[in-house]
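Below, read A as the first sequence line, B as the second, and so on, with proteins coming before strands; counting in each chain starts at 1. Worth saying up front: this structure is predicted, and the values here are computed from it rather than measured.
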Protein chains: 2
Amino acid sequence: MDGRDLLPMGEISRRSGFAASAIRYYEAEGLIEAHRSGGGQRRFERSVLRRLAFIRAASNVGLTIEEIRDELGRLPGNRTPTKADWQRISRHWGRRLDEQIAALQRLKSGLDGCIGCGCLSLRSCAFSNPDDVHGERGSGARLLPDSLRRPHPSRR
Amino acid sequence: MDGRDLLPMGEISRRSGFAASAIRYYEAEGLIEAHRSGGGQRRFERSVLRRLAFIRAASNVGLTIEEIRDELGRLPGNRTPTKADWQRISRHWGRRLDEQIAALQRLKSGLDGCIGCGCLSLRSCAFSNPDDVHGERGSGARLLPDSLRRPHPSRR
DNA sequence: CCTTGAACTCAAGTTCACTTCAACTTGAAC
DNA sequence: GTTCAAGTTGAAGTGAACTTGAGTTCAAGG
């Protein structure tokens, strides 16, 4: 576990599918670590590839960099997730996805109910009601969770 | 339809749930219009409340400002959407939501299949595979559509 | 008239997750 | 020893959708 063959930037980038700049960014943010060659170039352990896979997966599920850092932080050292780690995390993500799906379905069923009504009433229409739906006040089921409100450009 | 009682900024803001700054922004972006008082303050027609409801709904569905402007642009003048308009638009949004839901479900079923495997293989794991899933190349069903990749802070 | 809160404008700032740029250095191959 | 792709840094830029701030003016009540 400290075996030879450390990978250079280009290799990691190619294999992980992340741009080199993104990888440097993740290092700066403390999500991954790198050794350095004599001349200061990064040399990555193989396990970094798994961490990057993890990062991509988490990011697809909608976690922020900060949340990913937390999640990774709970894995001691820079160890590769064990089966148990992965199960815990999977459940976490699964719940997250369930919420997102449910939110979209609420929105959709509201839409179906609305089709043709032409209402868009500020008081009763689920779509246009700014805060909450159907009288559930406070932190009740919101139409869309904050985690699903808007995308951003990103790569490709 | 040009009747008296125009509403001032605060009223519109309170009733629509949008911050005044957001409303000014929408006006600047051409999504809504405003008359001016003698002293240069905005006076909104009541129909603007409907437009704003529309904007919130569209934005919840994930449309960008530009898309919303297009959609609104198809309604002649500043008229309130008719039943037919609303049906057309609803169908458009419905498809959009279906896509988003399907994408999340693909992600989730990939996750379920993965639970406990501990793999996160760069080659085969649906979660960490950077580009496409299950060999569908090109523009086939992506794990997540671009429209669902990331939220942004926004209000509240 | 005076006060007060609501509104105004315009420029600049915010957030997130990166990318791009300019100017330079490394290191593997020939 | 030369070459040149690959790597380095730090700073600045990107894009969407707003928000914030500074400094000023409006409008309604007393």
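Between B:I55 atom CD1 and D:dA17 atom C1' there is a gap of 12 Å when expressed in whole angstrom units. One interatomic measurement links the two molecules: CZ of B:R14 to P of C:dA7, which rounds to 10 Å at whole-angstrom precision. Computed from coordinates, the A:R69 CZ to C:dA17 C1' distance equals 12 Å when rounded to whole Å. Rounding to whole angstrom units, CG of residue B:L6 and P of D:dC26 are separated by 19 Å. In this structure, CD1 of B:I23 is placed 11 Å from P of D:dC18, rounded to the nearest angstrom. Atom OH in A:Y25 sits about 18 Å away from atom P in D:dA12, given to the nearest Å. One can place CD of A:E11 at 15 Å from C1' of D:dA5, the figure rounded to the nearest angstrom. Rounded to an integer number of Å, the gap from A:I12 CD1 to D:dT8 P is 11 Å.
For the side chain to side chain contact (heavy atoms under 4.5 Å, CB included) test, residues two or more places apart in sequence or in another chain that qualify with B:S21 are B:A19. Remark: B:Y25 engages no residue in a ring-ring contact (aromatic ring centres under 6.0 Å, His included) (not counting sequence neighbours). Every side chain to side chain contact (heavy atoms under 4.5 Å, CB included) that A:R42 has, sequence neighbours left out, goes to A:R24, A:E27, A:A34, A:R36, A:F44. For B:E29, the salt bridge (charged side-chain N to carboxylate O under 4.0 Å, His left out) partners two or more places apart in sequence, or in a different chain, are B:R69. Checked against salt bridge (charged side-chain N to carboxylate O under 4.0 Å, His left out), A:R43 has no partners two or more places apart in sequence or in another chain.
Between the side chain of B:R56 and the backbone N or O of B:S16 there is at least one donor-acceptor pair closer than 3.5 Å. In this structure a side-chain-to-backbone donor-acceptor pair under 3.5 Å is missing from B:S13 to B:M9.
Contact annotation: B:Y26 side-chain N/O to D:dA17 OP1/OP2 distance is not under 4.0 Å. For B:R42, a side-chain nitrogen or oxygen approaches OP1 or OP2 of C:dT9 to under 4.0 Å.
Among the nucleotides C:dA7, D:dC18, D:dG7, the one closest to the side chain of B:P8 is C:dA7.
Across all strands shown, B:R36 has heavy atoms under 4.0 Å from sugar-phosphate atoms exclusively, and none from any base.
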* Structure fact -> Its contact letters, B for base, S for sugar-phosphate only and - for none at protein heavy atoms under 4.0 Å, make nucleotides 20-30 of chain C read B-----SS---
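Pairing for C:dC30 goes to D:dG1, judged as Watson-Crick or G-U wobble with the two contacts each under 3.5 Å.
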